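Inspection log for the structure reproduced underneath, given as structure tokens.
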There are 4 protein chains.
Amino acid sequence: MNDQTRRGPGRRRDPDARRRILEATVALVAERGYAGVTKEGVAARAGVGRTTIYRWWPSKGAVVLEALRGIFEVRAPDSGDTRGDLVAYARGVAETLTATTYGAIVPGLAADLARDSELAADFRRLCVAPTRASGIQAIQRAVARGDLPEDVDAELIIDIIGGVVFLRTLVTHAPVESDLADKLVEIILSGHRV
Amino acid sequence: MNDQTRRGPGRRRDPDARRRILEATVALVAERGYAGVTKEGVAARAGVGRTTIYRWWPSKGAVVLEALRGIFEVRAPDSGDTRGDLVAYARGVAETLTATTYGAIVPGLAADLARDSELAADFRRLCVAPTRASGIQAIQRAVARGDLPEDVDAELIIDIIGGVVFLRTLVTHAPVESDLADKLVEIILSGHRV
Amino acid sequence: MNDQTRRGPGRRRDPDARRRILEATVALVAERGYAGVTKEGVAARAGVGRTTIYRWWPSKGAVVLEALRGIFEVRAPDSGDTRGDLVAYARGVAETLTATTYGAIVPGLAADLARDSELAADFRRLCVAPTRASGIQAIQRAVARGDLPEDVDAELIIDIIGGVVFLRTLVTHAPVESDLADKLVEIILSGHRV
Amino acid sequence: MNDQTRRGPGRRRDPDARRRILEATVALVAERGYAGVTKEGVAARAGVGRTTIYRWWPSKGAVVLEALRGIFEVRAPDSGDTRGDLVAYARGVAETLTATTYGAIVPGLAADLARDSELAADFRRLCVAPTRASGIQAIQRAVARGDLPEDVDAELIIDIIGGVVFLRTLVTHAPVESDLADKLVEIILSGHRV
DNA sequence: CATTAACCGAGACGGTACGTCGTGTCTTGTT
DNA sequence: AACAAGACACGACGTACCGTCTCGGTTAATG
């Protein structure tokens, strides 16, 4: 989020302070969930002045995002087997979304995203886009292989997979069964039978 | 949510106070979004003591839920045309989720749902269940008509429709195109071709 | 500063909280001087929410004023001996102004008075006026007795006494000798010899 | 306060930086009063690093003192007329103390003087002593002339003049009437009638 | 018909967190 | 060596809400 370029003379940013802040954030999210994270608490836990957080991040969401962006990563394999690749992708999405930390973050974060479009853009860029891109590539490979029609709406397929898991996790709190991935991929492939 | 049984001698609940609270809540949600609603603000706007809110609702989410549950209602038509009915349902869902008020509420509310399972249960019961039930009935009629196989996973179909719209509205902030409903229903019906 | 009149229904002001606040203020002034008093510190010491202080006093100066107004009290005796009464008054003023607590407060308080005219008015009304009035009465008795001319400027005499002590205490930090009162009164009486 | 001698190799003190700091201080005192002057603000206004201020002055009071010491200067004339000289001196004191800038500084500065004895010493040496010395000389000339007795307490007379004006300006906020100087000198001279 | 208790408005209270400002110390690179 | 720039930990500020609590009033069924 911040590069290491110089910015005129003066004391440089202290990488240790930033590290402690991010670690404290991770710990607090794990312990108390997104709502339980406060700048006050992070600063205290990190042994850092509250001002330092304000200096580098505009909002709580931004800190959490940077601290936890690593967890939002799913990659579709490239095995040559369309069904297998898509199922693996769907399973990855389901596992990530139902994992403890993710569940502790996303609902609260989503609320902030709705009010902070810059944060939302960062979230999409850092967390959503790479995963989606990986899924879309898998679909494009399937098209190349002739397993899906050329005019397939890859975005929509990705959204179907993500949407169902997202909805069940965050809204209906319905279980994400182990065979959900298979069922979804079955419908998607059948629905696009060439 | 509240019965009208007597409760000994003394004054009964003042329906006017409740009404003013709910109206103030609606107004505040519209003006400032879910996060902008506070018990303090509602009480002030409603000309009501803060205590009165505490007396009748356990949380801000509960007030908002009661004040706005009416907006969460989609019903699938019963025209005899499976595709038409499902498209109408999908369009209804999309329109509701993209409507101003809904967008102002759901992200914040979802954050509270994640921390308050009672509120989550109420939300599902009052807002989610009726809409889902209507969609499921439409699917059951399609099965009866022979348009969908008997072993169709109706829940999953409903979740596909809701999930895509939900995801795009709240997370990816992607546009919900006018032909989304058609595309979704096409995939679903093709994916279950008997 | 606040009377005990009703102000509509509701929980009444808690006299215990106010008492604890004022006591903590006195203690902090004694320990650390006026500049060492902070609302934060008072609240912590008094075991009180910071808000409670903000509710009842508009500024730190106002709290200190209420907590310590008792110390600003000098009364001229009425012995029938003009010189004796005035000397006693001057000695009282000198003793008060050189006393520990007073010295710890007044310079800092004076700085606030310069920026807060309401506070300044309260200070004059509560702390300055009664003492001055007592001195002026002594002068009027002297006039009645024929010890001072009828057209004497009583205010000026009071200000000479107070001014010298004030100046030495706060600005020049010069000692206030034990015979200062006698010398001052001598000059004043000689200067108005009838 | 600082000489221009060399001090080993390296860059010498930048007189321009000092000048800019003092000018910025004067401007800020005029605009916002003593309390409105901050090291941060001075540095920003002067286009100077905050460190530079710390290097040369130990406290805000010291900067203000150096920036504004010129305004604290009253000199008694030497006309040969005792009454006239003393009245002129008293008028000068009154005018200085009631002048805008002075009023903006002294109350706040006095608060700092009470806590910083070094600053207090500097203040007395630079601002108070010369003016007092001038007044005392006028009194000594009066004694030489036979207008005042030999054992007159010159310090006390100076303090009477300064004290009354000081008290009215800073504490009672009473007006300093145009004939105050005459009245004071009248009392003083009558009080020492030889 | 008087009692009486539930309900209501108002708001005081101890708190938590916010975002801002200033402080004094420090570090870095430039002149 | 002096300087600008500014990062850092810290402390205090004034504000906004929170959840709990205590009042005095109103009101309507019950005794």
Side-chain angles (χ1 to χ4, degrees), chain A residues 6-18 37-44 46-56 58-60, chain B residues 6-18 37-44 46-56 58-60, chain C residues 6-18 37-44 46-56 58-60, chain D residues 6-18 37-44 46-56 58-60:
Chain A
R6 289 278 294 104
R7 20 168 88 221
R11 184 185 194 177
R12 252 55 139 293
R13 133 190 343 168
D14 178 354
D16 193 51
R18 291 174 61 84
V37 178
T38 62
K39 292 216 172 132
E40 198 120 327
V42 170
V48 142
R50 218 147 36 94
T51 355
T52 303
I53 305 181
Y54 284 98
R55 186 165 8 248
W56 299 114
S59 65
K60 166 174 121 175
Chain B
R6 288 282 292 109
R7 9 168 111 221
R11 188 189 201 177
R12 294 228 205 70
R13 140 188 335 170
D14 178 355
D16 194 50
R18 292 174 59 86
V37 177
T38 61
K39 294 229 172 109
E40 196 119 329
V42 170
V48 142
R50 235 158 10 105
T51 333
T52 305
I53 305 181
Y54 284 95
R55 188 168 1 250
W56 300 114
S59 66
K60 166 174 123 176
Chain C
R6 287 280 294 110
R7 21 169 88 222
R11 183 183 192 175
R12 250 59 139 289
R13 141 189 332 171
D14 177 355
D16 192 52
R18 291 175 62 86
V37 177
T38 62
K39 291 213 173 138
E40 197 119 327
V42 171
V48 142
R50 216 147 38 90
T51 347
T52 302
I53 305 182
Y54 284 97
R55 186 166 9 250
W56 298 114
S59 65
K60 167 174 122 176
Chain D
R6 290 278 291 111
R7 9 169 104 221
R11 189 188 199 175
R12 293 225 208 68
R13 146 190 329 172
D14 178 355
D16 193 51
R18 290 175 60 85
V37 177
T38 62
K39 293 223 171 115
E40 194 119 327
V42 171
V48 142
R50 237 161 5 110
T51 333
T52 305
I53 305 180
Y54 284 96
R55 189 169 358 252
W56 300 114
S59 65
K60 167 173 123 177

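Keep in mind the model is a prediction, meaning the values are calculated, not measured. Quick note on labels: first sequence line is chain A, next is B, and so on, each numbered from 1.
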Which sits closer to the 5' end of DNA chain E, B:Val48 or A:Glu40, going by the nucleotide each is nearest to?
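Of the two residues, B:Val48 wins.
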query: On a plain distance test, is the side chain of C:Thr51 in donor-acceptor contact with the base of F:dA16 below 3.5 Å?
result: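 Check fails, no donor-acceptor contact within cut-off.
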Base of E:dG24, side chain of D:Arg50 - is there a donor-acceptor contact under 3.5 Å?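 Counting by modelled atom types and ignoring angles, a donor-acceptor contact under 3.5 Å is found here.
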I want to verify a distance call: between [options], whose nearest atom is closest to the [X] side chain?
X       : options                : answer
A:Trp56 : E:dT25, F:dA9, F:dC8   : F:dC8
C:Ala17 : E:dC13, E:dT23, F:dA7  : E:dC13
D:Tyr54 : F:dC18, E:dG29, E:dT23 : E:dT23
B:Arg55 : E:dC13, E:dG22, E:dC8  : E:dC8
C:Lys39 : F:dG14, E:dC13, F:dC8  : F:dG14

Discussion item. Quick check on E:dC8: is either OP1 or OP2 less than 4.0 Å from any side-chain nitrogen or oxygen of B:Arg18?
Written reply: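 So the side-chain polar atoms of B:Arg18 never come under 4.0 Å of the phosphate oxygens OP1 or OP2 of E:dC8.
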Exercise for the section: For A:Ala46 and for B:Thr38, find the nucleotide of DNA chain F with the closest heavy atom, then tell me which residue's nucleotide is more 5'. Expected result: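 Result of the comparison: A:Ala46.
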| said: Heavy-atom nearest nucleotide on DNA chain F for C:Val37 versus A:Asp14: which residue maps closer to 5'? | reply: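 With C:Val37 and A:Asp14 compared, the 5'-side residue is A:Asp14.
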Practice task
Taking side chain to side chain contact (heavy atoms under 4.5 Å, CB included) as the test, write out the residues that go with D:Ala46, two or more places apart.
Solution key: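 Side chain to side chain contact (heavy atoms under 4.5 Å, CB included) list for D:Ala46, sorted by chain: D:Arg20, D:Ile21, D:Ala24, D:Val48.
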Under the side chain to side chain contact (heavy atoms under 4.5 Å, CB included) test, residues paired with C:Thr38 that sit two or more places apart: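 Result, side chain to side chain contact (heavy atoms under 4.5 Å, CB included) vs C:Thr38: C:Glu40.
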* **Heavy-atom pair with the smallest gap, counting every atom of D:Gly49 and D:Ala43** =>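 Closest approach of D:Gly49 to D:Ala43, heavy atoms only: C-CB, 4.2 Å.
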Using atom CD1 of B:Ile53 as one end and atom P of E:dG11 as the other, report the distance to the nearest whole Å.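 One finds 15 Å between P of E:dG11 and CD1 of B:Ile53, rounded.
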- For B:Gly47, answer base if it contacts any base atom (sugar-phosphate contacts may also be present), sugar-phosphate if it contacts only those atoms, and nothing otherwise; contact means non-hydrogen atoms under 4.0 Å.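 Here B:Gly47 touches the backbone only, sparing every base.
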Please check if the side chain of A:Lys39 supplies one atom and the backbone of A:Tyr54 the other of a donor-acceptor pair under 3.5 Å.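 No; zero donor-acceptor contacts below 3.5 Å.
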